[in-house]
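Just so it is clear, the structure is predicted and the values come from calculations on it, not from any experiment. Read the numbers this way: they start at 1 and go in the same order the structure lists the ligands and their atoms.
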Amino acid sequence: MRKRKLRFTHYVLSSMPSIQKLAVIGDPIAHSLSPVLQSFLIRHFALPFTYEALHVRAHDLPKMMQRLRNGEFRGLNVTIPHKQAVLPFLDVVDETAAHLGAANTIAVEKNKLIGYNTDVTGFLRGLTAAGISPSDKNVLVLGAGGAARAVIFALLKTGAQKIFLCNRSAGRAEALLAAFANDNRLKSVQWPDRLSWLQNNKINVVINATSMGMHPQLNQAPLPPAAFFPYMIAFDLIYNPLETAFLRDAAEAGAKTANGLGMLIEQGVAALEIWSQRKFDIRDIYANLENELRQALKAS
Ligand code: NDP
């Protein structure tokens, strides 16, 4: 009897896929929502992974990448300030990460470190989830940092008609235009002119890819209330808070709005698809997942 039980236990353990570790690295990292998001997905889809947040300072990055190469982890998410700094440690980067010069996801494949950037997929799926289609639209992108670069890359891919780029520092906006080889669908708008320009040009989609309005600067916004019209869709990449001053002003003017939570969820799902080599349909669990992330944001 005892023998049979032991054999059964052995069978169950050996037929279970071995558990692999995943983590998000950044500095700071305590407020990252990725552990909540990924743990929810891992639980729901019964995946053989654990996921943790690791506080990795710049001088510890080489050591961290060595741990990855040694096989301690299946993969990593990478957040501020390491998205660019990880590139020299990688053996291969996909086309998107190479173009953006930044990776937010790493997978270990046959001892090789492969870098990806799932922000582009996350942004596009986030737009779709919010019912926004940028194809054939005129879009204004505010900001010229890493997030704006991913947004522009995605918008060019998806067939936006014209993309206008507006950033406080003109030099950074020009550098971003140059990075897209001055594609003729891309134009720049001077930061001081943005209000009058929006009042004189019909822009369908306005995207905030600046960090203005992010917690704790709740009253900051990249546009004044008079910039919004009912025919507009306003999309804010920020998800903390869920309703920024930018989104509140847009909604009050009658515009359709969407926050950055959908993009956050979708970039995480895309990363999990890379590590697990599976596709996930999250439509049935979307509301629960969103609710869990909202609770985590309230508690943070
Ligand atoms: P960066 O630091 O690279 O860029 C910040 C941008 O904000 C720059 O264009 C900067 O302009 C602008 N900015 C900051 N403060 C001001 C200000 N006071 N007035 C005018 N412009 C200002 O950040 P990222 O590009 O990485 O991220 C931008 C935002 O997108 C963040 O809020 C981030 O949380 C969010 N994000 C959301 C994601 C999601 O999944 N939802 C994914 C990635 C990012 P300048 O060049 O003049 O300094």
### Query
Of the protein's non-hydrogen atoms, which lies at the shortest distance from atom 45 (P) of ligand 1, and what is that distance?
Ser169 OG, 3.3 Å
### Query
Tell me: protein heavy atom nearest atom 14 (C) of ligand 1, and distance?
Ser211 OG, 3.3 Å
### Atoms in ligand 1 flagged as close to Gly143, the criterion being non-hydrogen separation under 4.0 Å
9 (O)
### Query
For ligand 1, which atoms sit closer than 4.0 Å to a heavy atom of Ala209?
28 (C)
### Task
Give the contacting part of Thr210 toward ligand 1: side chain, backbone, both or neither, where contact means a heavy-atom distance below 4.0 Å.
both
### Message
Looking at Asn111, I'd like to know if its CG atom is crowded, meaning that more than 12 non-hydrogen atoms belonging to other residues, nucleotides or ligands lie closer than 6.0 Å.
### Response
no
### Task
Mind running side chain to side chain donor-acceptor pair (under 3.5 Å) on His82 and Asp27 for me, showing each step along the way?
CA-CA 8 Å; His82 303 314; Asp27 177 22; 5.7 Å; no
### Under 4.0 Å to a heavy atom of Ala147 - the qualifying atoms of ligand 1, by number
24 (P), 25 (O), 26 (O), 27 (O), 28 (C), 30 (O), 44 (C)
### Query
Does Trp191 reach ligand 1, in the sense of a heavy atom lying below 4.0 Å from it?
yes
### Query
For atom 9 (O) of ligand 1, which of Leu33, Leu142, Thr118, Asn167 has the closest heavy atom?
Asn167
### Query
Gly146: heavy atom below 4.0 Å from ligand 1, yes or no?
yes
### Task
Quick one: look at Met263 and ligand 1, take heavy-atom pairs under 4.0 Å, and tell me if it's side chain, backbone, both or neither.
both
### Task
Of all the heavy-atom pairs spanning Pro222 and Asn208, show the shortest one and how long it is.
CG-OD1, 3.5 Å
### Query
Less than 4.0 Å between atom 2 (O) of ligand 1 and some protein heavy atom, yes or no?
no
### Task
May I ask you to establish whether Lys202 and Tyr231 are in a cation-pi arrangement, using a distance under 6.0 Å from NZ or CZ to the six-membered ring centre and at most 45° from the ring axis?
yes
### Task
List the closest protein heavy-atom neighbour of atom 8 (C) of ligand 1: residue, atom name, distance to the nearest 0.1 Å.
Arg172 NH1, 3.5 Å
### Query
Applying the side-chain hydrogen bond (donor to acceptor under 3.5 Å, both in side chains) test to Asp236, which of Asn259, Thr257, Thr244 qualifies?
Thr244
## Note on the structure
Of Ile80, Asn104, Leu261, Leu237, the residue with the heavy atom nearest atom 36 (N) of ligand 1 is Leu237
### Query
Is a salt bridge present between Asp60 and Lys63, judged by a nitrogen-to-oxygen distance below 4.0 Å?
yes
### Task
Please test Phe280 against His44 for ring pair (Phe, Tyr, Trp, His ring centres under 6.0 Å), starting from the C-alpha separation and ending with a verdict.
CA-CA 11 Å; Phe280 300 112; His44 179 80; 9.2 Å; no
### Task
Taking atom 30 (O) of ligand 1 as the reference point, report whether a protein heavy atom occurs under 4.0 Å from it.
yes
### Task
Is it possible for you to check whether Lys187 lies under 6.0 Å from the centre of the six-membered ring of Phe164, through NZ or CZ, and within 45° of that ring's axis?
no
### Query
Can you name the residues that form a salt bridge (Lys or Arg N to Asp or Glu O under 4.0 Å) with Asp136, not counting sequence neighbours?
none
### Message
Looking at Arg248 and Glu243, is there a salt bridge between them, counting it only when a charged N and a carboxylate O are closer than 4.0 Å?
### Response
no
### Message
Give me the nearest non-hydrogen protein atom to atom 4 (O) of ligand 1 as residue plus atom name, then the distance to 0.1 Å.
### Response
Gly145 CA, 3.6 Å
### Query
Counting both backbone and side chain atoms, is some N or O of Gly260 under 3.5 Å from an N or O of ligand 1?
yes
### Summary
Closest to atom 32 (O) of ligand 1 by heavy-atom distance, out of Arg149, Met214, Arg168, Met212, is Met214
### Task
Would you check, one step at a time, whether the test ring pair (Phe, Tyr, Trp, His ring centres under 6.0 Å) holds for Phe123 with Phe153?
CA-CA 10 Å; Phe123 171 71; Phe153 187 81; over 10 Å; no
